[in-house]
Amino acid sequence: MNQTHHNFDQETKGWVDLIHPREPRPELTTQIDTKWLVIGAGYTGLSCARRLAELNPTEKIVLLEAREVGQSASGRNSGYAVAHSHFSGGYQKNQLEHYQRIDRINQTGLTSLKSIIEANQIDCDYKDAGIYHMAADKNSSDECDQFVDYLQKRKIEHMELSKDQIKLELGTCWYQKGVKVKKGALVQPAKLVFGLADSLPNNVELYENTPVMKLTRGVINTIQTPKSSVKADNVIMACNYEPLANGKHKQRVVGVTLSGSITRVLNQDEVDLLGTESSWGILSLHTGGATVRLTEDKRISIRNTAEYNNYGLLNDNQLKSRQVIHRQAFNNRFPELSHVNFEHLYSGVEGVTANKTNIFKRLSNNFYYAGCYNGSGITKGTAFGLAMADYAYGNDEKLVHDCLSIEKAKWLPPKPILDLGAWYVTKQRFKGVGRDR
């Protein structure tokens with residue numbers, strides 16, 4: 001497997017702009033041998049390495065990150081740690097086992113994160129107060145009714161919201177209706193991933209700015225990086241959409257690029273216009289709708305573009321044009337705050353499968369891959385990391401069975417058909433989005 005087609009960009013825009021810089025761990029420059037190698041220090045890789053260290057307290061666990069921690073999806077997402085996923089189209093009785101399985105995975109991840117945050121006193125603006133799902137247009141309003149029916153049938157604790165209630169709590173008149181799922185948390189994603197990386201067990205060796213350029217599989221796997229090589233008995237790939245694009249395995253993941261803007265800190269008079277909730281997070285009930293947050297430090301973030309950009313971040317000119325869309329969406333929701341400027345503009349790439357499932361598999365006796373969360377990787381990625389460590393170690397855990405039972409990702413055609421298909425499918429994501437964008 002060759003990774004030379006990736007440039008492993010080092011752009012640091014995003015949520016990391018809002019916090020104090022972190023001193024990265026050194027690049028790997030020596031040849032090492034290890035029993036366990038994890039590739040990718042996002043939520044999945046960090047969770048997997050931590051669990052492997054617990055299972056193998058006398059063994060060295062090596063964790064490689066191509067960039068610096070927080071520069072990829074784990075530090076660029078919008079910070080939603082969901083407990084209950086939203087399934088488009090409403091409740092289907094024959095899918096109950098699937099719904100329950102996904103809930104167990106999400107909640108295992110959420111419980112694990114909360115425990116680690118508390119044990120290590122990680123300051124990540126963690127707020128376990130539920131998540132809002134909102135509808136601004138006819139299509140999403142119909143979806144809201146279906147989601148409420150789903151929540152009622154599943155007996156999931158929630159609160160329906162009228163337009164007036166939304167105005168009272170969040171300070172916006174833009175949405176027609178909504179529902180708050182009472183279980184779920186919000187975090188500052190860069191703070192969280194920094195804290196997870198800096199509180200790893202002592203037997204985990206984390207190397208940053210160390211991309212895997214070539215990997216040769218065998219009884220002993222050989223990994224080549226720019227300045228070193230690693231021989232590993234077992235390899236776990238936790239690098240989302242990047243790992244298999246040039247490998248011999250069929251392509252099942254595509255990278256979709258999203259963009260967002262974050263305002264300056266609001267003053268108290270401006271905060272007073274935003275309702276009774278001190279901080280909150282909105283997920284749109286349309287798949288192409290805007291994700292909007294009022295953060296703990298009183299900024300508003302908005303993310304509402306998604307496109308196929310050949311797995312890459314957007315350049316400065318592309319970002320500036322997308323911010324026009326962010327600006328309009330912001331002004332629609334908060335006309336009284338239209339004078340508030342954006343301070344930060346960023347893009348990020350999420351891994352997506354054709355059938356919106358995840359990947360959790362053993363590729364050979366000592367080679368594993370977990371990833372692709374379709375935009376909901378904080379809790380699910382954490383749980384997949386835990387499960388993959390137990391699976392590779394040989395533990396027979398319920399979580400492992402849940403992850404193995406996830407629907408298999410569909411095969412994707414090779415380039416250039418892949419490029420055309422990914423562009424079209426991503427474009428279709430915004431069909432009928434209307435006021436929800």
Side-chain angles (χ1 to χ4, degrees), residues 33-64 74 81 83 97-98 100-120 196-197 199-206 215 217-221 223 230-240 243-244 249 357-373 376-409:
D33 296 341
T34 184
K35 183 176 180 180
W36 296 99
L37 172 67
V38 181
I39 302 173
Y43 296 118
T44 303
L46 290 165
S47 174
C48 184
R50 187 182 297 271
R51 178 62 178 152
L52 284 172
E54 293 171 353
L55 294 170
N56 302 271
T58 62
E59 294 278 357
K60 173 176 64 180
I61 315 298
V62 177
L63 176 58
L64 303 183
S74 292
E97 186 176 338
H98 172 65
Q100 292 171 331
R101 183 184 303 119
I102 297 299
D103 274 1
R104 287 195 297 269
I105 292 170
N106 283 335
Q107 289 165 26
T108 299
L110 184 59
T111 299
S112 173
L113 280 174
K114 187 174 182 180
S115 174
I116 294 168
I117 289 166
E118 291 176 351
N120 295 281
L196 294 173
S199 62
L200 286 167
N202 291 333
N203 58 325
V204 176
E205 294 183 4
L206 168 61
L215 193 155
R217 289 162 53 184
V219 176
I220 302 296
N221 301 290
I223 294 86
V230 182
K231 293 188 180 299
D233 294 351
N234 302 280
V235 174
I236 297 172
M237 301 196 76
C239 29
N240 204 4
L244 300 178
H249 292 275
T357 189
N358 320 112
I359 300 178
F360 183 94
K361 64 190 302 182
R362 185 202 304 263
L363 299 174
S364 62
N365 286 338
N366 59 354
F367 195 84
Y368 306 81
Y369 171 36
C372 191
Y373 306 110
S376 59
I378 294 184
T379 49
K380 195 172 288 183
T382 299
F384 268 48
L386 290 171
M388 187 54 81
D390 277 309
Y391 183 40
Y393 191 73
N395 288 342
D396 187 25
E397 299 286 339
K398 175 65 174 173
L399 179 62
V400 173
H401 289 279
D402 279 341
C403 293
L404 286 170
S405 299
I406 294 292
E407 180 185 1
K408 305 306 179 189

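Atom NZ of Lys60 sits in a crowded spot, with more than 12 heavy atoms from other residues, nucleotides or ligands closer than 6.0 Å.
The two residues Ala392 and Ile236 make their nearest non-hydrogen contact at CB-CD1, 4.0 Å. In terms of heavy-atom proximity, Ala81 sits nearest to Ile378 at CB-CG2, 3.9 Å. Here the shortest heavy-atom pairing between Ala197 and Leu46 reads CA-CD2, 3.8 Å. Annotation for Val204 and Ala53: closest pair CG2-CB, 3.7 Å, computed over non-hydrogen atoms. Nearest heavy atom pair, residue Gly218 against residue Asn366, reads O-ND2, 2.9 Å. The two residues Leu110 and Ala83 have their closest heavy-atom pair at CD2-CB, 4.0 Å.
In this structure, Arg50 and Leu196 have side chains that are in contact, with non-hydrogen atoms separated by less than 4.5 Å. Contact check for Leu215 versus Ile39: side-chain heavy atoms found under the 4.5 Å cut-off. When side chains are defined from C-beta on, Ile116 does not count as touching Thr382, because their heavy atoms never get closer than 4.5 Å. Within the 4.5 Å cutoff, the side chain of Leu399 has heavy atoms near those of the Cys403 side chain. No side-chain heavy atom of Glu59 sits under 4.5 Å from any side-chain heavy atom of Asp233. Within the 4.5 Å cutoff, no side-chain heavy atoms of Lys380 are placed close to those of Tyr43.
Expressed to the nearest 0.5 Å, how far SG of Cys372 lies from CZ of Phe360 amounts to 14.5 Å. Note: His98 NE2 to Asp103 CG = 10.0 Å, rounded to the nearest 0.5 Å. The structure places CG of Asn202 at 11.0 Å from CD of Glu205, a figure rounded to the nearest 0.5 Å. The CG atom of Leu363 sits 8.5 Å away from the CE atom of Met237 when rounded to the nearest 0.5 Å.
When Asn221, Val62, Ile61 are each tested for a side chain to side chain contact (heavy atoms under 4.5 Å, CB included) with Thr34, only one passes: Val62. Each of Leu52, Leu206, Leu37 was compared with Leu63 under the side chain to side chain contact (heavy atoms under 4.5 Å, CB included) criterion, and only Leu206 meets it.
Panel note: side chain Arg362, backbone Tyr391; no donor-acceptor pair is recorded below 3.5 Å. In this structure, the side chain of Asn203 engages the main chain of Asn56 through a donor-acceptor pair within 3.5 Å. Distance alone, capped at 3.5 Å, places no donor-acceptor pair between the Asn106 side chain and the Thr379 backbone. The backbone N or O of Ile102 lies less than 3.5 Å from no partner atom in the side chain of Asp402, so there is not a single donor-acceptor pair. One N or O on the side chain of Thr108 and one on the backbone of Arg104 form a donor-acceptor pair closer than 3.5 Å.
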Task: side-chain contact (heavy atoms from CB on, under 4.5 Å) between Ile406 and Ile105, intermediate numbers included - done: CA-CA 10 Å; Ile406 294 292; Ile105 292 170; 3.9 Å; yes

Open item on the list: His401 vs Asp396, test: side-chain contact (heavy atoms from CB on, under 4.5 Å). Steps then yes/no.
Closed with: CA-CA 8 Å; His401 289 279; Asp396 187 25; 2.4 Å; yes

Task: Step-by-step side-chain contact (heavy atoms from CB on, under 4.5 Å) determination, Cys48 to Leu386 - done: CA-CA 5 Å; Cys48 184; Leu386 290 171; over 6 Å; no

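Taking the six-membered ring where tryptophan is involved, the planes of Trp36 and Tyr393 are tilted, since the angle between them lies from 30° to 60°.
Under 4.0 Å is where a charged nitrogen must lie from a carboxylate oxygen, and between Arg101 and Glu97 at least one such pair does.
Checked against the 6.0 Å centroid threshold, Tyr373 and Phe384 count as a close aromatic pair.
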